[in-house]
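Note that the numbering runs from 1 along the sequence shown for the chain. Counting starts at 1 for both ligands and their atoms, in listed order. Every value quoted in this text rests on a predicted model; they were computed, and no experiment measured them.
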Amino acid sequence: MEAGMRFGMLGTGVVGRTLAAKLVDVGHEVTMGSRRDGNDAALRWAESAGERGRQGTFAEAAKFGEIVVNATAGAASLSALGMAGAANLEGKVLIDVANAIAPDTGFPPQLAVCNNDSLAEQIQRAYPASRVVKTLNTVTADVMVNPRMLGEPHTIFLSGNDTSAKDDVGRVLQSFGWDQAEIFDLGDISTARGPEMYLALWLRLFVAAGTPHLNVRLVRRTS
Ligand SMILES: NC(=O)c1ccc[n+]([C@@H]2O[C@H](COP(=O)([O-])OP(=O)(O)OC[C@H]3O[C@@H](n4cnc5c(N)ncnc54)[C@H](OP(=O)(O)O)[C@@H]3O)[C@@H](O)[C@H]2O)c1
């Protein structure tokens with residue numbers, strides 16, 4: 001992935017801010033989007049990011065991005081993308097890192113969509129002219145952008161219908177420090193159901209291991 005690309009970061013939470021900061025660090029420009037121009041967290045982030053970081057509405061961020069990232073609350077992602085606007089997403093790689101946690105469902109939370117559908121598929125159906133790639137939702141924000149902190153190889157998944165979009169996202173992941181051998185292409189967008197439902201296991205691992213800085217590694221017979 002060459003430096004100097006334009007990213008639209010939809011989301012002002014810890015994930016949006018962490019990914020946006022890393023994208024700026026590796027040489028890209030980012031506009032962070034929110035429901036309203038002037039969101040406090042987005043303003044603070046843009047100030048800290050320097051000249052390659054800006055903030056605005058979801059629509060302004062999506063329009064700015066050559067690649068757009070959905071880092072909004074999963075149950076609100078379709079609404080946020082609606083505000084971003086189909087025209088601003090058309091033809092673009094849309095990286096979806098959201099988990100569709102149903103609000104107010106306690107712990108462990110329930111998913112708003114699962115089993116025979118996924119948020120990533122809902123997004124791809126709603127925006128057929130965009131190239132949705134699900135990834136990174138299976139690790140905490142720090143690990144997304146600093147995979148080497150875990151000290152040994154581990155696995156990150158890709159799901160999407162468009163092979164070249166997955167290649168682009170793979171290059172973004174490599175620029176974050178993921179090794180190519182750690183990036184596992186699960187297949188088309190319907191394969192996002194697994195990584196999305198993995199949240200149930202991730203939450204239990206988090207509690208039992210006592211840290212969010214964890215991940216799984218795919219180990220398979222090779223001969
Ligand atoms: N935390 C992690 O380490 C982690 C790891 C893997 C995946 N994820 C997933 O990544 C996503 C982002 O997580 P997060 O913790 O950074 O932030 P979050 O609190 O889940 O989401 C914040 C974003 O969602 C937007 N939002 C909330 N309600 C909305 C609504 N009704 N309509 C439109 N937009 C709305 C907010 O808009 P405003 O900017 O306008 O407030 C904000 O930009 C989530 O889907 C989460 O499940 C998180």
Under 3.5 Å between any N/O of [X] and any N/O of ligand 1: does that happen in this structure?
X: T138; answer: no
X: V14; answer: yes
X: G33; answer: no
X: N137; answer: no
X: T140; answer: yes
X: A141; answer: yes
X: A73; answer: yes

[Y] and [X] side chains, donor-acceptor separation under 3.5 Å:
X: D188; Y: N161; value: no
X: T12; Y: S34; value: no
X: D142; Y: T140; value: no
X: Q55; Y: D37; value: yes

Taking non-hydrogen atoms only, is [X] closer than 4.0 angstrom to ligand 1 via side chain, backbone, both or neither?
X: R17; answer: neither
X: V15; answer: both
X: V139; answer: backbone

Legend entry - Heavy-atom nearest neighbour of atom 44 (C) of ligand 1 within options L199, T72, D142: T72
Legend entry - From A100, P195, P212, A76 - option closest to atom 32 (N) of ligand 1 by heavy atom: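 That would be A76.
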Inset, instruction - With rounding to the nearest 0.5 Å, note down the distance linking CZ in R193 to CG in N116. - result: 6.0 Å
Legend entry - Interatomic spacing from CE in M5 to CZ in R171 - rounded to 0.5 Å: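 Here the interatomic distance stands at 9.5 Å.
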Legend entry - Any side-chain heavy-atom pair of R217 and P153 under 4.5 Å: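 Touching, per the 4.5 Å side-chain cut-off.
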Legend entry - Evaluation steps, salt bridge (charged side-chain N to carboxylate O under 4.0 Å, His left out), between R125 and D117: CA-CA 11 Å; R125 284 199 299 275; D117 202 2; 2.7 Å; yes
Inset, instruction - Heavy atoms only: give me the nearest K22-F176 pair and the separation to one decimal. - result: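 So the two residues come closest at CG-CD2, 3.4 Å.
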Inset, instruction - Please name the residue in the list V93, V169, I95 that meets the side chain to side chain contact (heavy atoms under 4.5 Å, CB included) test with R131. - result: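 With R131 as partner, V93, V169, I95 yield a single side chain to side chain contact (heavy atoms under 4.5 Å, CB included), made by V93.
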Just which atoms of ligand 1 are under 4.0 Å from any heavy atom in [X]?
X: N39; value: 38 (P), 39 (O), 41 (O)
X: S79; value: 32 (N)
X: G74; value: 45 (O)
X: G11; value: 43 (O)
X: V97; value: 7 (C), 8 (N), 9 (C), 10 (O)
X: T12; value: 38 (P), 39 (O), 41 (O), 42 (C), 43 (O)

Legend entry - Contact with ligand 1 for M83, non-hydrogen, under 4.0 angstrom: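 So M83 counts as touching ligand 1.
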Legend entry - Salt-bridge contact E60-R54 (side-chain N to carboxylate O under 4.0 Å):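 Salt bridge flag = no for R54 with E60.
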Inset, instruction - State plainly whether the residues E66 and K92 are in salt-bridge range, i.e. N to O under 4.0 Å. - result: no
Looking only at protein heavy atoms, which one is nearest to [atom], and what is the separation?
atom: atom 46 (C) of ligand 1; answer: N99 N, 3.9 Å
atom: atom 17 (O) of ligand 1; answer: G13 CA, 3.8 Å
atom: atom 41 (O) of ligand 1; answer: R35 NH2, 3.1 Å
atom: atom 12 (C) of ligand 1; answer: A71 O, 3.2 Å

Inset, instruction - Look at the aromatic rings of F157 and F184 and report parallel, tilted or perpendicular, splitting at 30° and 60°. - result: perpendicular
Inset, instruction - Might you confirm whether atom CD of Q174 has over 12 heavy atoms from other residues, nucleotides or ligands at distances under 6.0 Å? - result: yes
